[in-house]
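Read through the structure below, which is laid out as structure tokens, and then see the notes.
Letters A, B, ... are given to chains in the order of the sequence lines, protein chains preceding strands, and every chain is numbered from 1. This one's a predicted model, so the numbers in the text were calculated from it and none came from an experiment.
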Amino acid sequence: MSNNAEKIDLEPQYDPKKVEDRIYKLWENSGFFNPDNLDSGKLKVEGGKKKKTTLNTPHSTFTIVVPPPNITGSLHMGHALNATIQDILIRKKRMEGYKTLWLPGTDHAGIATQNVVEKDLKKQGISRHDLGREKFIEKIMEWKEKYGNIILDQFKKLGASMDWSRTRFTMDAEYQKAVEEAFIHYYKKGWIYQGERTVNWCSRCQTSLSDLELEYKEEKGKFYYIKYGPLTIGTVRPETKLGDTALAVNPKDQRYKKYVGKDILIQSVDNSIPRDKPANPKEIHIRVIADDAADPNFGTGIIKVTPAHDHADFEIWQRHQEVPILKVIGEKGRMTDKAGIRYEGMKILEAREQIVKDLTELGLIERIEDYAHNISLCYRCETVVEPLLSKQWFLKMKELAELAKKAVESGKVKFHPERWKNIFLDWIENIRDWNISRQIWWGHRVPIEGETDVLDTWFSSALWPLATLGWPQSCDMKHETCDPKNGTDLKEFYQTQVLSTARDIINLWVSRMIFSGLEFMASPPFSDVLVHATILTKDGKRMSKSLGTGIDPMTLIEKYGADATRFGLIWQSMGGQDIHWAEEHVVAGRKFCNKIWNITRFILLKTEGNLDTNFIFPFKNEHGANAQLHYQLIALVQGVNEDIEKFDFGQALHSIHEFVWHEFADKFIEYSKTNEDRETKQILANTLLTTLKLLHPFMPFITEEIWSKLPIEDKKMLIIESWPEQESSKTNYIG
RNA sequence: GGGCAUUUAGCUCAGUGGUAGAGCGCUUCGUUCACAUCGAAGAGGCCGCAGGUUCGAUCCCUGCAAUGCCCACCA
């Protein structure tokens with residue numbers, strides 16, 4: 001054997017560095033990432049028989065659109081896991097003979113990107129206002145050219161078999177057309193309106209935010225009891241007192257019945273407050289109204305109504321329009337002139353401090369209690385978000401929500417694990433109109449003459465599965481009228497199959513894609529939503545770059561190789577449970593690579609480079625080691641197929657690992673050292689080939705590399721080799 | 001205030017109505033020609049707590065606790 005060792009072109013140890021980039025280039029050059037180069041003719045469509053799977057795949061295509069990462073981002077562990085999962089699905093389906101499309105791209109990420117570039121410019125002492133809108137957007141485009149594709153290159157390092165010829169960006173010219181088309185469509189339907197309402201305002205980003213773009217933090221504050229004439233009101237925000245225009249009590253509250261509908265006299269802290277006709281500048285009148293929003297059991301049972309600075313108060317105002325509205329906090333987070341000369345220009349917290357002092361001096365503070373409550377923060381910069389009266393564009397959600405709800409309830413869209421369906425339903429059933437305008441510069445302009453606002457980033461990403469496939473150019477709004485001559489992608493690949501994503505954007509993104517697809521294409525954009533695990537630190541904490549608790553997947557790939565990294569990620573993905581990240585499983589992955597490598601080495605040496613795969617039933621001994629291993633392999637193939645269809649990737653990988661290492665290597669290979677008959681060698685060869693195929697979606701680089709070194713005639717690349725199907729136990733896989 | 005998830009070996013996690021499993025770590029032995037990124041053997045668990053159902057529960061039911069995550073306009 002030692003003579004033949006030289007013929008066997010495998011070093012004793014597997015080195016991913018010598019393999020990965022080279023193999024990736026081979027794949028790219030092969031063109032097999034592009035479905036146009038895949039022949040789906042060999043796909044077996046069993047006559048009328050529906051396979052029992054969770055995937056609804058009646059077509060011969062299999063499509064996944066990648067959740068487009070922000071151009072500001074770099075790959076984090078969540079991306080790496082998600083990309084690996086999608087690659088497993090795509091690679092398996094490709095081997096099964098489907099025309100697979102995995103469509104890559106990036107999101108312009110309005111606020112996030114604007115913030116990053118602004119920060120960058122600030123280092124040079126430049127503000128976006130110095131540049132002006134046009135120049136600033138040019139700067140962003142420059143920035144995008146430089147850094148925007150980093151994350152896509154990182155996907156390549158991970159082995160992602162995406163069709164790069166179809167890479168999309170949400171600010172592409174065609175994509176902008178799609179966004180415009182969608183807006184106009186809604187507008188014509190009367191679902192888009194402009195209105196002055198309280199919105200969530202970030203005073204740092206200088207824009208409104210939707211409810212979903214908020215984060216919450218518990219804050220230990222004070223609860224102030226303030227005298228209003230004969231009454232006492234509790235509040236955590238005494239500075240909004242300056243914007244009070246009414247007091248509300250519950251209509252059933254006997255204590256305050258006599259005040260309802262009457263004006264009461266209160267002392268003002270600043271005689272410059274421009275109220276209506278103050279009889280005495282130091283005293284103002286305020287109306288007491290009855291409204292169910294007041295809970296008699298909370299605080300004193302009285303609400304101070306500040307319509308311009310509180311969502312609930314705004315709703316009260318909508319029911320009692322005789323009440324005036326007074327905007328005392330401005331867009332920059334400072335008190336306005338309406339707050340009075342004494343407070344004008346102060347920041348909110350300064351004003352709060354000052355007014356508490358002033359009220360105390362006037363003897364108007366009854367008492368102060370400690371109080372814990374949630375404050376809202378901007379999800380992009382963590383500034384405290386203010387409810388603020390503002391003129392914005394809104395999209396009516398009633399009918400769109402109903403469409404999406406029906407699709408999910410009827411099972412046209414399935415969530416995996418199923419419990420995430422409830423997250424979607426809770427949101428969609430209590431939905432409010434969507435504030436779709438943002439007061440930033442980077443994004444899709446609201447397509448209305450004279451408008452300076454841009455659209456919410458999520459308005460455009462809601463169209464991702466449509467716009468990336470060519471909508472609306474190739475399609476006249478209705479699925480039936482798609483003209484394949486204009487753009488075959490939409491017709492061929494829509495509806496896509498699996499949408500794999502992190503849980504935190506289920507409503508921000510997934511829900512909105514569902515109703516967009518239903519509205520514009522009359523069918524959901526995907527049949528299955530796979531909500532993957534969240535990767536946490538070993539202590540169960542959130543991975544955070546700023547806290548230094550994040551793990552960089554690129555570091556892992558550098559250290560252990562991409563296959564080992566993928567192994568570690570998938571090994572820990574069991575049933576969608578959160579992952580408390582443990583690097584030792586990547587170590588195990590690297591060891592497993594080496595094991596597979598050496599199993600191959602052994603078999604090539606053993607067979608002297610002549611792989612004999614011509615095994616024919618029956619076995620010489622149906623109860624012998626050869627038969628036993630073969631039947632175990634058949635069971636493995638079936639289990640792995642079932643597990644992947646159920647999205648139990650971790651389970652599938654555990655099964656393969658167990659078989660390869662402990663059954664194949666530890667037992668059978670040891671057995672084969674003393675049993676050198678032809679049948680044993682055939683089983684060795686067949687088992688190797690089948691396990692390489694099974695492993696390819698999980699560990700694509702090493703399996704492709706090994707495959708390329710196997711002495712087999714008329715060999716295809718492993719990436720398009722036939723996937724081991726579940727067949728009867730008396731069938732030969734290979735051949 | 002609601003809801004969801006988790007709680008099993010030192011660590012990260014599988015698992016089943018009937019003497020508990022993996023990976024990593026640890027101990028001992030092994031320089032046999034695939035692999036020391038290896039092999040063999042081994043130590044190590046009142047399967048969160050308290051009740052209940054059952055002949056029998058880690059697994060089913062109830063309650064509790066701890067941790068994490070979502071949602072909610074209680075001023």
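Pairing partner, B:C26: B:G42, with both Watson-Crick or wobble hydrogen-bond distances short of 3.5 Å.
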Please assess A:Tyr14 against A:Trp597 for the test ring pair (Phe, Tyr, Trp, His ring centres under 6.0 Å), listing each intermediate value before the final yes or no. CA-CA 6 Å; A:Tyr14 174 65; A:Trp597 187 258; 5.0 Å; yes

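Nucleotides B:U58 and B:G21 place their C1' atoms 13 Å apart, quoted to the nearest Å. For the C1' atoms, the distance from B:C55 to B:A40 is 42 Å, rounded to whole Å. The C1' atoms of B:U53 and B:C60 are separated by 8 Å, rounded to the nearest whole Å.
Between the side chains of A:Asp552 and A:His76, not a single donor N or O lies within less than 3.5 Å of an accepting N or O.
In this structure, A:Tyr371 and A:Trp597 both approach RNA chain B, and ranking their closest nucleotides by distance from the 5' end singles out A:Trp597. Comparing A:Asn598 and A:Ile579 by the nucleotide of RNA chain B whose heavy atom lies nearest to each, the residue mapping closer to the 5' end is A:Ile579.
No salt bridge links A:Glu608 with A:Lys681; every basic N to acidic carboxylate O contact stays at or beyond 4.0 Å. A:Glu11 has a carboxylate O that lies under 4.0 Å from a charged side-chain N of A:Lys18, or vice versa, which qualifies the two as a salt bridge.
Atom CG of A:Leu10 sits about 6.0 Å away from atom NZ of A:Lys709, to the nearest 0.5 Å.
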Atom pairs, protein N/O to nucleotides 20-29 of chain B N/O, distance under 3.5 Å:
unit_1 : atom_1 : unit_2   : atom_2 : d
B:G23  : OP1    : A:His662 : NE2    : 3.1
B:G23  : N2     : A:Glu584 : OE2    : 2.6
B:C24  : OP1    : A:Lys591 : NZ     : 3.0

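Taking the six-membered ring where the residue is Trp, A:Phe592 and A:Trp661 present parallel rings, their angle staying beneath 30° rather than reaching 60°. Between A:Tyr371 and A:Phe223, the ring planes lie tilted relative to each other; the angle falls in the 30° to 60° range.
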Heavy-atom protein contacts under 4.0 Å, nucleotides 67-72 of chain B, coded B base, S sugar-phosphate only, - none: -S-S-B

